[in-house]
Amino acid sequence: MVILGIDPGMAILGYGVVEVENHQMQVIDFGTVTTPAGMEMQNRLVNIYDGVVELIDRFKPDAIAVEELFFNKNVKTALAIGHARGVAVLAGAKKGIPLFEYTPLQVKQAVVGYGRADKNQVQQMVKMILGLRCIPKPDDAADALAICVCHAHSYGTQEKLIRE
């Protein structure tokens, strides 16, 4: 199974691509889709959509895992992230890729075993679980890989529940 993990953002959308085979996870790629600050919002959204479609076409994921939005003190930031998340989800939906959503709490629980873990703890565990030499940079890409790990752990459990 190939998982495309997405950490949504308007300026920087992080992505991670992980292959899971026989309970082993291997990183295929990670990085970001970026848009310049001065660009009009609708054009930024087109860039994000096109970037996610390109990732889907290149890696042919079996699943897309996206972080759910959480309430942010800055409403404008939350709305922008919501727009970016929406076009990323739309890209996957138009390609017929199953979508899975996880809260930040679920991601931290799956990766670290503690839902209130800090960013550094999550990044260290992503590095260790995926057998990487260093913590992935930028943070958005590391977060996207954490979402992949969360889905890899959660999907197996979901499959078992469906079969029983």
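Heavy atoms only, all atoms of each residue included: Val107 and Glu67 are closest at CG2-OE2, 4.5 Å. Annotation for Gly92 and Ile64: closest pair CA-CD1, 3.5 Å, computed over non-hydrogen atoms. Nearest heavy atoms, Lys60 versus Val2: O-CB, 4.3 Å. The minimum heavy-atom distance between Ala142 and Pro136, with the atom names listed, is CB-O, 3.6 Å. Minimum heavy-atom separation, Ile6 to Ile147: O-CD1, 3.3 Å. When all heavy atoms of Phe30 and Ala141 are compared, the pair lying nearest together is CD1-CB, 3.8 Å.
Residues forming a side-chain hydrogen bond (donor to acceptor under 3.5 Å, both in side chains) with Gln106 (at least two apart in sequence, or on another chain): Thr103. Scanning for side-chain hydrogen bond (donor to acceptor under 3.5 Å, both in side chains) contacts around Thr32 gives an empty result, with sequence neighbours left out.
With values rounded to the nearest 0.5 angstrom, Leu145 atom CG is found 7.0 Å from Leu132 atom CG. Taken from CD in Glu21 to CD in Gln24, the straight-line distance is 9.5 Å, to the nearest 0.5 Å. Rounding to the nearest 0.5 Å places CD1 of Ile3 at 9.5 Å from SG of Cys150. Within the model, atoms OG1 of Thr34 and CG of Leu13 stand 10.0 Å from one another, a figure rounded to the nearest 0.5 Å. Between the CG atom of Asp140 and the CD1 atom of Ile12 there is a distance of 5.0 Å, given to the nearest 0.5 Å. How far CD1 of Ile135 is from NZ of Lys119: 11.0 Å, rounded to the nearest 0.5 Å.
Using the six-membered ring where Trp is involved, Phe100 and Tyr155 have ring planes that are perpendicular, over 60° apart on the 30 and 60° scheme.
Counting heavy atoms from C-beta outward, Pro98 and Asp62 have side chains that stay 4.5 Å or more apart. Looking at Gln109 and Arg116, their side chains never come closer than 4.5 Å, going by heavy atoms from C-beta outward. Inter-residue side-chain proximity for Pro36 and Met39 is flagged as met; some heavy-atom pair is nearer than 4.5 Å. A heavy-atom distance below 4.5 Å is not found between the side chains of Tyr49 and Glu54. Within the 4.5 Å cutoff, side-chain heavy atoms of His83 are placed close to those of Met41. Considering only heavy atoms from C-beta on, Ile56 comes within 4.5 Å of Ile97 through its side chain.
Glu40 CD: 12 or fewer foreign heavy atoms inside a 6.0 Å radius.
Note: the hydrophobic cluster containing Val111 also contains Met128 (ILVMFWY, side chain heavy atoms under 4.5 Å, direct or indirect links). Taken together through direct or relayed side-chain contacts under 4.5 Å among Ile, Leu, Val, Met, Phe, Trp and Tyr, Leu99 and Leu55 form part of one hydrophobic cluster. Cluster annotation: Val52 is connected to Ile28 through the hydrophobic network of ILVMFWY side chains, with a link wherever side-chain heavy atoms come within less than 4.5 Å. Taking hydrophobic clusters as Ile, Leu, Val, Met, Phe, Trp and Tyr residues chained together by side-chain heavy-atom distances below 4.5 Å, Leu4 shares a cluster with Val87. In terms of hydrophobic clustering, with Ile, Leu, Val, Met, Phe, Trp and Tyr side chains grouped at heavy-atom distances under 4.5 Å, Val66 and Tyr102 are assigned to different clusters.
For residues 130-139, the pairs satisfying side chain to side chain donor-acceptor pair (under 3.5 Å) are Gln123-Asp139, with sequence neighbours left out.
A donor-acceptor pair under 3.5 Å links the side-chain atoms of Lys108 to the main chain of Ala117, judged by distance alone. Gln121 places a side-chain N or O within donor-acceptor distance of the main-chain N or O of Asp118, the cut-off being under 3.5 Å. In this structure, the side chain of Thr35 engages the main chain of Met10 through a donor-acceptor pair within 3.5 Å. A donor-acceptor pair under 3.5 Å is absent between the side-chain atoms of Arg85 and the main chain of Gly9, judged by distance alone.
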Item to check | Worked check of side chain to side chain contact (heavy atoms under 4.5 Å, CB included) between Val89 and Glu101 | outcome: CA-CA 10 Å; Val89 168; Glu101 301 172 279; 5.5 Å; no
Next on the checklist: Would Val18 and Gln26 count as a side chain to side chain contact (heavy atoms under 4.5 Å, CB included) here? Give the steps.
Outcome noted: CA-CA 6 Å; Val18 171; Gln26 179 177 349; 5.9 Å; no
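Judged purely by distance below 3.5 Å, without hydrogens or angles, the side chains of Tyr15 and Asp29 pair a donor atom with an acceptor atom.
At a threshold of 4.0 Å, the pair Asp57-Lys95 counts as salt-bridged, since one of the basic side-chain nitrogens sits closer than that to a carboxylate oxygen.
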